[in-house]
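Remarks on the structure that follows.
So you know, we letter chains A, B, ... as the sequences are listed, proteins then strands, and number each from 1. Here the structure is a predicted model, which means the values were calculated and not measured.
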There are 4 protein chains.
Amino acid sequence: MSGAGAGAGAGAGAGAGAAPPGRERARRPGGRTARNRALVLDAVRAQLLEHGYDGLSVDSVAERAGVHRTTVYRRWRDVGGLLADLLDAARDDDWAAPDTGSLTGDLVAVNREVHEALTSTPSLTTALIAASFRSARAASALRDFWEDRYRRCALIVERAVLRGEIPERTDARRLLVAATAPLYHQVVLLRVPTSVQFADQAAHDAARAAVAGVFTGP
Amino acid sequence: MSGAGAGAGAGAGAGAGAAPPGRERARRPGGRTARNRALVLDAVRAQLLEHGYDGLSVDSVAERAGVHRTTVYRRWRDVGGLLADLLDAARDDDWAAPDTGSLTGDLVAVNREVHEALTSTPSLTTALIAASFRSARAASALRDFWEDRYRRCALIVERAVLRGEIPERTDARRLLVAATAPLYHQVVLLRVPTSVQFADQAAHDAARAAVAGVFTGP
Amino acid sequence: MSGAGAGAGAGAGAGAGAAPPGRERARRPGGRTARNRALVLDAVRAQLLEHGYDGLSVDSVAERAGVHRTTVYRRWRDVGGLLADLLDAARDDDWAAPDTGSLTGDLVAVNREVHEALTSTPSLTTALIAASFRSARAASALRDFWEDRYRRCALIVERAVLRGEIPERTDARRLLVAATAPLYHQVVLLRVPTSVQFADQAAHDAARAAVAGVFTGP
Amino acid sequence: MSGAGAGAGAGAGAGAGAAPPGRERARRPGGRTARNRALVLDAVRAQLLEHGYDGLSVDSVAERAGVHRTTVYRRWRDVGGLLADLLDAARDDDWAAPDTGSLTGDLVAVNREVHEALTSTPSLTTALIAASFRSARAASALRDFWEDRYRRCALIVERAVLRGEIPERTDARRLLVAATAPLYHQVVLLRVPTSVQFADQAAHDAARAAVAGVFTGP
DNA sequence: AGATAACCGAGACGGTACGTCGGGTCTTGGG
DNA sequence: CCCAAGACCCGACGTACCGTCTCGGTTATCT
């Protein structure tokens with residue numbers, strides 16, 4: 001739900017989630033492997049931000065990471081593997097759906113996050129989307145990432161139900177997609193310049209529809 | 001709205017007598033030049049269908065069209081130019097929004113067309129979407145194509161207003177996007193297997209929301 | 001003189017109990033270490049026969065022998081070391097020069113052996129020759145092997161002198177080279193298809209020249 | 001007969017034999033192709049001399065020639081192709097067998113040439129021989145080269161017959177091989193340090209055998 | 001019989017070279 | 001004015017071997 005970039009950027013640095021379990025003594029090898037992973041994933045992020053997907057070659061990543069080409073090929077096989085690993089790492093974060101006290105507030109918050117992720121230039125998220133069209137592995141990892149985000153966002157709907165804002169049988173996924181899809185559509189597919197007001201409007205529309213009981217039943 | 005492929009796939013030799021892509025000065029529109037354009041665009045379509053966007057190289061198109069590489073480079077410059085020309089040609093068709101007598105019926109009809117265009121394998125439409133992430137020219141042409149389709153679909157909303165199904169001040173574009181975006185989102189971005197029921201549901205949801213007056217006002 | 005392959009191919013597990021290659025300190029000649037040596041040398045022979053010298057990589061040998069890469073690197077250092085060890089093992093056989101009762105007969109017998117070793121397909125001998133151009137260690141081992149063979153063949157000349165067939169002061173080495181060199185030349189360097197008749201002819205020519213006293217004096 | 005290097009080295013420089021036919025105006029292209037060939041073949045020669053066959057990679061040649069890797073691959077396919085082209089060019093020279101007035105003198109002259117070609121360090125000839133074991137194309141070209149040389153040397157035998165030095169039915173090829181093979185054998189295969197006296201001796205032996213009528217008959 | 005040094009399996013790594021594909025430029029020559 | 005042909009430079013691909021390194025686990029021989 002939130003742009004992939006948000007989460008993906010979180011784990012940057014020395015490979016917080018990729019560190020070896022246990023001892024810190026990254027003498028030479030032993031730690032080298034883990035350090036290389038961090039170096040490479042950082043390089044992928046940086047390269048993606050600076051030059052977009054088309055500037056993302058195994059060679060450029062390897063050079064940027066200060067690691068040998070063949071090492072990258074050995075462990076990640078190709079660009080898709082790099083992206084998949086990046087997305088997998090991004091999934092291991094602690095992102096949580098916003099909790100503003102109202103359905104509309106939560107949806108607006110989510111959509112603003114998405115808007116930010118999609119329209120910031122350069123946008124890691126759009127680069128990853130572009131990548132997903134070229135690599136099956138990246139596509140799969142991106143799908144998993146989004147599924148994870150939608151699952152976490154289900155909380156928003158549950159809370160709204162508990163508060164009595166919307167009918168009990170509201171389909172969470174359908175509502176969330178109704179709120180976010182127009183934004184993605186506008187920015188990613190139609191490529192129309194899109195203001196944050198558009199994001200807010202889509203959130204409001206979805207909330208009102210939910211209140212009207214649109215997302216219940218078949 | 002309808003998949004780009006529908007229109008684009010229509011006529012094989014569609015562009016035979018059509019105007020050349022960008023330049024106004026139609027110096028030599030007849031004879032070999034025009035024939036080559038048709039041959040090349042046909043080859044682009046065929047190559048896209050058979051091998052997807054990644055199998056679309058200037059070389060492969062040229063060979064398939066029986067034309068020399070340099071000829072393609074000279075007139076279309078790159079793959080993006082080929083796709084842009086293809087989409088421009090596709091926009092010159094006579095597609096019209098469905099007219100079933102009810103808002104829901106119309107939206108369902110549109111969404112089924114989209115569903116078909118997106119899930120047929122191979123899908124020209126998804127290939128074009130993929131292409132739009134690699135080529136600014138293709139992206140621009142695809143955007144123009146879609147804007148054209150949404151404009152034609154505005155009729156659906158106008159008729160529904162005239163019939164008194166939905167409030168007078170309903171925002172046509174917002175409604176149409178609400179109906180179609182979830183479908184694109186699901187298929188193109190989330191890559192979740194999607195049945196035609198999902199398409200129908202999205203159409204129904206949007207129609208109900210419109211009836212509830214969601215798409216009026218700010 | 002005889003093709004290197006003859007001796008080298010003799011015993012499968014030829015080196016099982018033999019001394020380790022270079023080092024004097026036979027620290028642990030028994031058990032796994034010795035078994036590994038036999039496995040590896042067998043793999044070298046087999047690989048050489050099946051794929052020639054160019055198919056002989058440390059990796060392929062290790063895999064074929066069921067031994068780890070690093071084990072091979074540790075003990076033999078590189079491909080040249082493997083070949084040198086193989087040739088050293090081959091020199092420890094009981095090959096003896098033929099004894100047919102006449103100089104011509106002996107030379108013909110030798111040349112037929114050489115011919116067989118060089119023209120059998122696949123030919124271990126030619127593979128070893130090829131190898132000798134790439135590895136100094138292999139070249140040295142091959143030279144030692146051949147010197148050993150020529151030394152053993154000197155008997156042929158001594159016997160011919162005793163029988164009074166050729167002058168007393170005949171230079172054994174010169175005669176033997178005169179008999180065999182054309183065969184090697186033809187097959188190995190000129191790469192001309194060569195029949196066994198050619199081998200016989202070279203033997204006869206050398207014998208006649210010896211009888212004529214060509215290989216005496218300076 | 002003469003070492004391959006002798007001839008091959010002759011054409012060095014600006015590609016004397018490889019120049020385009022006709023006009024000298026190697027402006028840019030047109031002449032570029034021919035100039036590239038000369039540059040590349042020169043680089044092959046130089047690289048072979050400096051680093052031997054094992055230092056001869058397509059990459060190193062391309063870099064040395066100041067030409068792009070892919071250009072070399074396109075025109076010569078691999079290292080074997082480079083060597084074959086080099087040898088083909090070498091065959092187009094005007095080398096002629098020596099004519100000293102006596103069979104022994106001619107053979108000695110030839111053998112000294114061979115000796116020089118084989119023992120000069122670095123030796124282009126031995127590098128080419130080594131190469132011929134790795135590349136079928138190089139082997140074939142080298143064979144053709146040598147066949148050409150033996151054919152030219154047949155004159156030596158014919159003249160000796162005319163002078164009445166040797167029997168009329170002497171087999172030229174057999175005699176020439178008998179004279180030169182021991183030298184190649186000693187230097188190339190046995191790798192024994194070899195003086196020019198050895199070359200002279202082999203020539204004398206062959207001449208004496210020829211006089212004795214060894215190379216007539218079956 | 002146990003200690004210990006030699007050996008081995010495992011696997012990542014940096015590195016050279018391979019041969020191929022595609023992109024995009026350029027020039028010649030012919031219609 | 002257009003086009004066919006084809007060489008070229010260039011970046012990138014993914015693979016094969018090479019030789020090195022460190023780790024942890026066996027195993028043969030010595031004490």
*Would you kindly give the CG-to-C1' distance between B:D54 and E:dG23, to the nearest whole Å?*
15 Å
*Indicate the atoms forming the closest heavy-atom contact of D:G80 with D:S135, along with that distance.*
CA-OG, 3.0 Å
*Roughly, in whole Å, what's the span from CG in C:D78 to C1' in E:dG15?*
17 Å
*Please give, in whole Å, the distance from F:dG19 C1' to C:W76 CH2?*
17 Å
*Closest to the C:H68 side chain: E:dA10, F:dG11, E:dG24?*
E:dA10
*How many Å lie between CZ on A:R37 and P on E:dC13, as a whole number?*
12 Å
*So, is C:T71 close to the E:dG9 phosphate, meaning a side-chain N or O under 4.0 Å from OP1 or OP2?*
yes
*Ignoring the backbone of C:D59, work out which of F:dA4, F:dC17, E:dG22 is nearest its side chain.*
F:dC17
*Between F:dC13 atom C1' and A:L82 atom CG, what is the distance in whole Å?*
13 Å
_Any base atoms under 4.0 Å from D:V61, or only sugar-phosphate, or nothing? Heavy atoms, all strands._
nothing
*Would you kindly give the CG-to-P distance between C:L39 and E:dC7, to the nearest whole Å?*
17 Å
*Between the base of F:dC10 and the side chain of D:T70, is there any donor-acceptor pair under 3.5 Å?*
yes
_N or O in side chain of D:R74 less than 4.0 angstrom from F:dC8 OP1/OP2_ = yes
*In whole angstroms, how far is the P atom of E:dT27 from the CZ atom of D:R35?*
13 Å
*Respond yes when some side-chain nitrogen or oxygen of B:R75 is under 4.0 Å from OP1 or OP2 of F:dC2, and no when none is.*
no
*Using atom CG of C:L56 as one end and atom C1' of F:dC17 as the other, report the distance to the nearest whole Å.*
12 Å
*Does D:R77 or B:S57 map to a spot on DNA chain E nearer the 5' end, using the closest nucleotide for each?*
D:R77
*Quick one: label A:R69 by what it contacts on the DNA or RNA (base, sugar-phosphate, nothing), any heavy atom closer than 4.0 Å.*
base
_Quick check on DNA chain F: between B:V67 and C:V58, whose nearest nucleotide comes earlier from the 5' end?_
B:V67
_Please give me the minimum heavy-atom distance between B:L82 and B:L41, naming the atom from each residue._
O-CD2, 4.0 Å
_Please find the pair of heavy atoms, one from B:L56 and one from B:V44, that lie closest to each other, and give the distance._
CD1-O, 3.9 Å
_Does F:dA7 have OP1 or OP2 under 4.0 Å away from a side-chain N or O of D:N36?_
no
*Between F:dG14, E:dG23, F:dT20, which nucleotide gets closest to the side-chain atoms of B:Y73?*
E:dG23
*Which pair of heavy atoms, one from D:L142 and one from D:I129, lies closest together, and at what distance?*
CD2-CA, 4.0 Å
_Main-chain N/O of A:S57 paired to A:S60 side chain as donor or acceptor, under 3.5 Å_ = yes
_Stepwise side-chain contact (heavy atoms from CB on, under 4.5 Å) test for A:E63 and A:R69_ = CA-CA 7 Å; A:E63 192 185 357; A:R69 267 165 39 78; over 6 Å; no
*What is the nucleic acid contact for C:S60, judged by heavy atoms within less than 4.0 Å: base, sugar-phosphate only, or nothing?*
nothing
